[in-house]
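One structure is given below, encoded as structure tokens.
As the structure lists them, so they are numbered: ligands from 1, and atoms in each ligand from 1.
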Amino acid sequence: MEKLIEKVHQRIENLEKELNQMYSDHPNAVIGEITFKNLLGGMRGMKSLICNTSFVDPYKGLFISGYEIPEFEDKTPEEIFFLLVTGSFPNAEELEELNVELAKRSQVPAYIWKALKSLPKNIHPMTMFSLGILAMEGESIFKHKYESGLSKEDYWKYTLEDSLNLIAKLPALAAGIYRILFMNGEIIDTEQELSLADNLTYRLGFNRHSPSFAELIRLYLVLHCDHEGGNVSAFTSRVVNSALSNIYYATSAGLDGLAGPLHGLANQECLHFITSIHDELGNRPSLEDVQKFVTRTLDEGKVIPGYGHAVLRVTDPRFTSFMKFGDKHCSESPYLQTVKKLFEVVPKILSTYKEGKISNPWPNVDAISGSLLYHYGMTHYEFYTVMFGISRTLGFCAQNTIARGMHQPIIRPKSVTNAWLKAYFESQTVAG
Ligand code: CMX
């Protein structure tokens, strides 16, 4: 892995040099202010973390090292990981080296299957996924090196090493969970050296011969890879990593955040929403009926899954990318058709709902991703967030490796009490 290690090393050095220079030029610079609204509003908009793997522009969406989605949507997850962690796409030789390395590390230890098979069958797949990763924690090379006295300068190297070991195993782990919970429990194994996406497709064990399903899996693993550092899952992973917990802990923790319905679980919720529409109104509901269904859902005090975003203020370009795939491969699918009807009615309804209080009425990635998997026969929608999680781990690993390399300190913001706030406001001559 010399080529990857050298590139990551270079990147870390460059980023650190740049940051140190800026710090020596502007040691006391104010780059934002914290308002009472920020404090009450989930720290929304507060600039409080450095993340160089990706950036989300409210109006243009995800950028990875300056590349927009149309520039990387046809890449493989391996190429995306390389881009996230090094800042550039791999050349053919670098990619080959990474592919071979990941394929070599892809077998899940046998004790994991034993542990996962002993769990009750009504467990959520995300719980199993997170547990499976956590249970491999003893495999951490960083942990063992640290215990025997590792220099701070080398923390990132073993975080990268652990990351490669973990990423390589996720397709087999995820597919095994799918087989245990939804099929007959028989794990599909292979000695073949497959790419991450092909490995997942193969081990899931259905639609194996559909090139467009394999293409969807690849796209799925690419589009969910990273969304800068402040989202619930990445931020959680970064916080855990900052305590020098190893990548297995940091990933498991991040995935626990992804499992929330306001975050990654929204893709499961969306499919539940769509199938509820179909159950009540048939597979080809009219636009008017969809509109009534949405309004009723809001009147019941529920959210419309897949709509809204904490940062984006336009239709999520990841949604657009999946739509392009759907139009090409399954435009007549009733699930995709309902996604389109929702796209026609929901933004109009949300724009005026709660007196325009909703910051973003447009769809996010979760509004469409599951409908495509459902079309191909992956109807156990509880599994969708696991697929999201495989991809998002690329981002966690890249962010955490770089954070370690850049000597990120332990993350520890200050919390305050009501009494502190009261005293603070009383001490101000003009309270805001
Ligand atoms: N349906 C109904 N109400 C919504 C809504 C939606 N899709 N999106 C936002 N709102 C509501 C919020 O609940 C909030 O209401 P209250 O003030 O009564 O609490 C109000 O509108 C303002 O919220 P906001 O500032 O627009 O949105 P936030 O930044 O607070 O939250 C998000 C963002 C994503 C949690 C929210 O839009 C939401 O719940 N969407 C549905 C779930 C979803 O799709 N999540 C996936 C996001 C992408 C991802 O992480 O994978």
Side-chain angles (χ1 to χ4, degrees), residues 35 37-46 51 54 56-59 61-62 69 126 220-237 254-274 276-277 290-291 293-322 339 342-371 373 381 384-396:
T35 63
K37 194 176 167 188
N38 291 140
L39 203 58
L40 292 180
M43 303 195 274
R44 196 79 76 264
M46 270 168 51
C51 169
S54 68
V56 179
D57 181 292
Y59 301 97
L62 174 64
I69 288 171
M126 275 302 275
Y220 204 99
L221 296 190
V222 163
L223 289 181
H224 293 91
C225 65
D226 203 38
H227 223 226
E228 64 178 41
N231 62 77
V232 167
S233 56
F235 188 65
T236 305
S237 185
L255 292 172
D256 296 343
L258 194 73
L262 296 189
H263 191 17
L265 202 81
N267 58 10
Q268 161 180 332
E269 300 282 290
C270 278
L271 247 292
H272 178 63
F273 192 62
I274 289 172
S276 303
I277 293 176
V290 170
Q291 199 165 346
F293 195 97
V294 169
T295 308
R296 197 180 76 207
T297 305
L298 290 169
D299 290 345
E300 288 167 358
K302 299 176 189 161
V303 297
I304 306 301
Y307 281 79
H309 200 274
V311 178
L312 291 171
R313 294 295 173 258
V314 290
T315 294
D316 188 339
R318 298 172 298 175
F319 175 94
T320 310
S321 182
F322 273 131
V339 167
L342 286 166
F343 187 29
E344 235 179 300
V345 306
V346 175
K348 283 183 200 135
I349 297 172
L350 288 186
S351 311
T352 53
Y353 183 67
K354 292 192 172 181
E355 289 142 6
K357 192 179 169 195
I358 296 181
S359 323
N360 176 42
W362 300 105
N364 60 61
V365 64
D366 300 317
I368 185 165
S369 55
S371 66
L373 296 171
Y381 44 72
Y384 298 170
T385 314
V386 173
M387 307 256 303
F388 190 153
I390 302 173
S391 178
R392 187 50 63 94
T393 300
L394 303 175
F396 296 163

Notebook entry, point to check: Out of Ser359, Gly41, Gly308, Ala367, whose heavy atom sits nearest atom 27 (O) of ligand 1?
Noted result: Ser359
Check: Can you tell which of Ser369, Gly306, Gly264 gets a heavy atom nearest to atom 44 (O) of ligand 1?
Finding: Gly306
With heavy atoms only and a cut-off of under 4.0 Å, state how [X] meets ligand 1: side chain, backbone, both or neither.
X      : answer
Ala266 : side chain
Val303 : both
His227 : neither
Ile358 : both

Note to self: Any heavy atom of Arg44 closer to ligand 1 than 4.0 angstrom?
What the structure shows: yes
Item checked: Within-shell test, Asn231 vs ligand 1, heavy atom, strictly < 4.0 Å -> no
Do any side-chain atoms of residues 299-306 form donor-acceptor pairs under 3.5 angstrom with protein atoms, and if so which ones, sequence neighbours left out?
{"unit_1": "Glu300", "atom_1": "OE1", "unit_2": "Lys302", "atom_2": "NZ", "d": "2.9"}

Quick one: does [X] get an N or O within less than 3.5 Å of an N or O on ligand 1?
X      : result
Phe388 : no
Val365 : no
Tyr353 : no

Give me the nearest non-hydrogen protein atom to [atom] as residue plus atom name, then the distance to 0.1 Å.
atom                    : answer
atom 48 (C) of ligand 1 : Asp366 OD2, 3.5 Å
atom 22 (C) of ligand 1 : Lys357 O, 3.8 Å
atom 39 (O) of ligand 1 : Leu262 CD2, 3.3 Å

Note to self: In terms of relative ring orientation, are Tyr220 and Phe322 parallel, tilted or perpendicular, with 30° and 60° separating the classes?
What the structure shows: tilted
Next item on the list: Describe, in one word, how the ring planes of His224 and Phe388 are oriented to each other, choosing from parallel (under 30°), tilted (30 to 60°) and perpendicular (over 60°).
Entry: tilted
Check: Numbering the atoms of ligand 1 from 1, which are under 4.0 Å from a heavy atom of Lys354?
Finding: 15 (O), 16 (P), 18 (O)
Check: With atoms numbered from 1 as shown, which atoms in ligand 1 lie under 4.0 angstrom from a non-hydrogen atom of Leu298?
Finding: 2 (C)
Next item on the list: Verify the neighbour count for atom CE of Met46: are there more than 12 heavy atoms of other residues, nucleotides or ligands below 6.0 Å?
Entry: yes
Check: Is the shortest heavy-atom distance from the side chain of Thr236 to the side chain of Val232 under 4.5 Å?
Finding: yes
Checklist line | Test item: protein heavy atom less than 4.0 Å from atom 19 (O) of ligand 1 | finding: no
Checklist line | Arg318: partners by salt bridge (Lys or Arg N to Asp or Glu O under 4.0 Å), with sequence neighbours left out | finding: Asp316
